[in-house]
Amino acid sequence: MTANREIHLASRPQGWPTADNFRLVTTEVPTPGPGQLLVRNRFMSVDPYMRGRMNDIKSYVPPFALDAPLDGGAVGEVVASEAEGFAPGDAVLHGLGWREYALVEAKGARKVDPDLAPVTAYLGVLGMTGLTAYAGLLDVAAMKPGETVFVSGAAGAVGSMVGQIAKLRGAARVIGSAGSPAKVERLRALGFDAAFDYHDGPVRDLLRAAAPAGVDVYFDNVGGEHLEAAIGAMNLHGRAAVCGMIAQYNATEPPAAPRNLALLIGKRLTLRGFLVGDHGHLREQFVQEMAGWLRDGRISYDETVVDGIENAPEAFLGLLRGENLGKMLVRV
């Protein structure tokens with residue numbers, strides 16, 4: 001146990017990232033000091049927000065450093081511990097992915113129970129992904145029973161959770177957009193009342209056909225044309241929880257849409273961006289409710305797993321291309 005492989009950011013992307021922006025580097029396995037853990041990562045998450053951290057701009061989270069390992073959610077097994085409360089063999093969740101072995105401060109690790117759920121669930125449905133969906137729909141957008149909900153990027157890790165939670169919490173109609181016929185079929189299997197492939201025509205027309213009575217809540221993962229269509233379809237006092245805008249993460253020109261923001265005035269709409277980190281007060285409630293739904297078989301989740309730390313960059317690029325169904329993970 002002497003070699004450790006990790007993925008470094010070799011250069012900052014201009015527009016769409018490429019494999020050349022990443023570098024596989026071999027280092028020595030570190031030794032934990034007081035208050036630290038050595039963790040052998042088993043699974044890591046790649047997420048759309050990571051694209052923004054590859055730019056050297058001021059944001060809500062610091063940019064990735066060049067010639068240093070990237071980071072992100074990971075679950076692994078404690079190999080060595082110099083911290084009270086952790087022992088070799090413990091399964092832990094932490095934020096130092098993109099490497100085989102991580103030197104983790106104990107205060108930045110949380111033990112998880114692999115007997116309660118597969119460890120990958122703590123990166124997805126029982127982790128940040130699930131809480132994002134839960135908080136965005138119920139706290140930020142304040143969905144009420146009987147309302148109509150539209151979700152963009154609905155076959156992704158967050159979007160697929162939003163639609164199912166909406167149905168479980170009493171939404172009258174849930175509509176999802178996705179990027180392929182197979183994903184549309186999956187949304188219907190998950191209980192969405194309607195779903196469409198956004199490649200089949202203008203999103204405005206596809207949404208109007210799916211929601212003839214309008215939309216009360218929009219959960220935005222895409223931005224651009226989807227956001228414009230949602231604004232046009234929203235009913236009086238409609239609310240949008242803006243989680244992501246993946247349609248423009250790699251753009252080099254300003255987005256053309258939305259062009260109808262004036263509708264916010266007459267319709268008295270609320271568009272609110274949010275970060276999951278601001279909703280930690282909901283974690284206990286979320287875990288309790290989500291665990292119950294999972295136990296009862298009332299909610300399902302999908303994972304797309306890519307094998308090998310060396311393939312982590314390609315997994316990330318595949319995520320941006322929409323190749324994943326549900327949560328995109330790397331088996332390290």
_Determine whether Arg23 and Glu6 satisfy the following criterion, salt bridge (charged side-chain N to carboxylate O under 4.0 Å, His left out), listing intermediate values before the conclusion._
CA-CA 8 Å; Arg23 182 181 300 118; Glu6 50 192 37; over 6 Å; no

*Starting from the C-alpha separation in whole Å, work towards a yes-or-no answer on salt bridge (charged side-chain N to carboxylate O under 4.0 Å, His left out) for Glu105 and Lys107.*
CA-CA 5 Å; Glu105 298 292 334; Lys107 61 184 179 183; 5.8 Å; no

*Determine, stepwise, if the pair Leu264 / Ile231 fulfils side chain to side chain contact (heavy atoms under 4.5 Å, CB included).*
CA-CA 8 Å; Leu264 271 66; Ile231 291 170; 4.1 Å; yes

*Start with the C-alpha distance between Phe22 and Phe316, add both sets of side-chain angles, then the distance that settles side chain to side chain contact (heavy atoms under 4.5 Å, CB included), and finish with yes or no.*
CA-CA 11 Å; Phe22 304 89; Phe316 176 71; 4.0 Å; yes

*Going through the checks in order, is the side chain to side chain contact (heavy atoms under 4.5 Å, CB included) test met by Met50 and Trp98?*
CA-CA 12 Å; Met50 294 176 176; Trp98 295 84; 3.7 Å; yes

_Evaluation steps, salt bridge (charged side-chain N to carboxylate O under 4.0 Å, His left out), between Arg169 and Glu147_ = CA-CA 10 Å; Arg169 280 298 200 94; Glu147 293 189 316; over 6 Å; no

*Can you list the steps and then say if Tyr60 with Leu275 is a side chain to side chain contact (heavy atoms under 4.5 Å, CB included)?*
CA-CA 9 Å; Tyr60 63 89; Leu275 299 175; 3.6 Å; yes

*Please assess Lys144 against Asp216 for the test salt bridge (charged side-chain N to carboxylate O under 4.0 Å, His left out), listing each intermediate value before the final yes or no.*
CA-CA 9 Å; Lys144 306 179 188 68; Asp216 301 299; over 6 Å; no

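Judged by the 6.0 Å and 45° rule, Lys111 forms a cation-pi pair with Phe86. A cation-pi arrangement is present between Arg40 and Tyr101 under the rule of less than 6.0 angstrom and at most 45 degrees off the ring axis.
Side-chain contact, Glu82 with Gln36: no donor N or O sits under 3.5 Å from an acceptor N or O. No hydrogens or angles considered: nothing links the side chains of Thr120 and Lys327 as a donor-acceptor pair under 3.5 Å. Arg51 and Asn250 form a side-chain donor-acceptor contact under 3.5 Å, judged by distance and modelled atom types alone. For the 3.5 Å distance criterion, the side chains of Asp220 and Tyr218 qualify, holding a donor opposite an acceptor. Between the side chains of His8 and Asp67, no donor-acceptor pair is found at a separation under 3.5 Å. A donor and an acceptor atom, one from each side chain of Tyr134 and Arg283, are nowhere located under 3.5 Å apart.
Residues Ser152 and Asn221 share a closest heavy-atom pair of O-ND2, 2.8 Å. Among all heavy-atom pairs drawn from Phe192 and Gly163, the shortest one is CZ-CA, 3.4 Å. Among all heavy-atom pairs drawn from Val29 and Ala3, the shortest one is CG2-O, 3.5 Å. In terms of heavy atoms, Pro63 sits closest to Asn55 at CB-O, 3.2 Å. Nearest heavy-atom pair across Ala312 and Val46 is O-CG1, 4.3 Å. Annotation for Leu96 and Ala102: closest pair O-CB, 3.7 Å, computed over non-hydrogen atoms.
Hydrophobic clustering (ILVMFWY, side-chain heavy atoms < 4.5 Å, transitive): Val174 and Phe196 are in one cluster. One hydrophobic cluster, built from ILVMFWY side chains closer than 4.5 Å, holds both Tyr198 and Val162. Residue Leu325 is not grouped with residue Ile246 when hydrophobic side chains (ILVMFWY) are merged at heavy-atom distances under 4.5 angstrom, including chains of intermediate members. Note on Val184: it does not cluster hydrophobically with Leu206, by side-chain heavy-atom contacts below 4.5 Å among ILVMFWY residues.
Between the OG1 atom of Thr129 and the CD atom of Glu303 there is a distance of 10.0 Å, given to the nearest 0.5 Å. In this structure, OG on Ser300 lies 5.5 Å from CD on Gln164, to the nearest 0.5 angstrom. The structure places NZ of Lys267 at 8.0 Å from CG of Asn260, a figure rounded to the nearest 0.5 Å. The structure places CG of Asp90 at 13.5 Å from CZ of Arg110, a figure rounded to the nearest 0.5 Å. Of the inter-residue distances, the one linking Lys167 atom NZ with Arg173 atom CZ reads 8.5 Å to the nearest 0.5 angstrom. Interatomic distance, Glu228 CD to Leu263 CG, rounded to the nearest 0.5 Å: 9.0 Å.
A donor-acceptor contact shorter than 3.5 Å links the side chain of Asn311 to the backbone of Asp307. A donor-acceptor contact shorter than 3.5 Å is absent between the side chain of Arg42 and the backbone of Gly76. Remark: the backbone N or O of Asn324 is paired with a side-chain donor or acceptor of Lys183 at under 3.5 angstrom. Gln248 places no side-chain N or O within donor-acceptor distance of the main-chain N or O of Pro254, the cut-off being under 3.5 Å. No donor-acceptor pair closer than 3.5 Å links the side chain of Arg272 to the backbone N or O of Ala240. In this structure a side-chain-to-backbone donor-acceptor pair under 3.5 Å is present from Asn21 to Thr18. No side-chain donor-acceptor contact under 3.5 Å links Arg298 to the backbone of Met290.
Val306 pairs in a side chain to side chain contact (heavy atoms under 4.5 Å, CB included) with only one of the listed residues (Glu323, Met328, Arg331), which is Met328. Checking Asn4, Val104, Val78, Val79 one by one against Leu38, the side chain to side chain contact (heavy atoms under 4.5 Å, CB included) holds for a single residue, Val79.
The pair Asp71-Arg99 does not meet the salt-bridge criterion, since no charged nitrogen lies less than 4.0 angstrom from a carboxylate oxygen. Using a 4.0 Å cut-off between charged nitrogen and carboxylate oxygen, Glu225 and Arg259 do not count as a salt-bridge pair.
At a threshold of 4.5 Å between non-hydrogen side-chain atoms, the residues Arg186 and Asp302 count as touching. Residues Pro48 and Leu319 meet the side-chain proximity criterion, which asks for heavy atoms closer than 4.5 Å. The shortest side-chain heavy-atom distance between Val149 and Leu137 falls under the 4.5 Å cut-off. With contacts defined as side-chain heavy-atom distances shorter than 4.5 Å, the pair Val332/Phe43 does not qualify. At a threshold of 4.5 Å between non-hydrogen side-chain atoms, the residues Phe64 and Asp56 do not count as touching. Annotation: side chain of Asp139 is in contact with side chain of Leu282 (closest heavy-atom distance under 4.5 Å). Ile299 is listed as a side-chain neighbour of Leu168, based on a closest heavy-atom distance under 4.5 Å. Taking 4.5 Å as the limit, some side-chain heavy atom of Leu24 sits within range of a side-chain heavy atom of Arg5.
Under a cut-off of 6.0 angstrom, the local environment of CD in Gln14 is sparse, with at most 12 non-hydrogen atoms contributed by other residues, nucleotides or ligands.
Note on ring orientation: taking the six-membered ring where Trp is involved, the planes of His279 and Phe274 are perpendicular (angle over 60°, cut-offs 30° and 60°).
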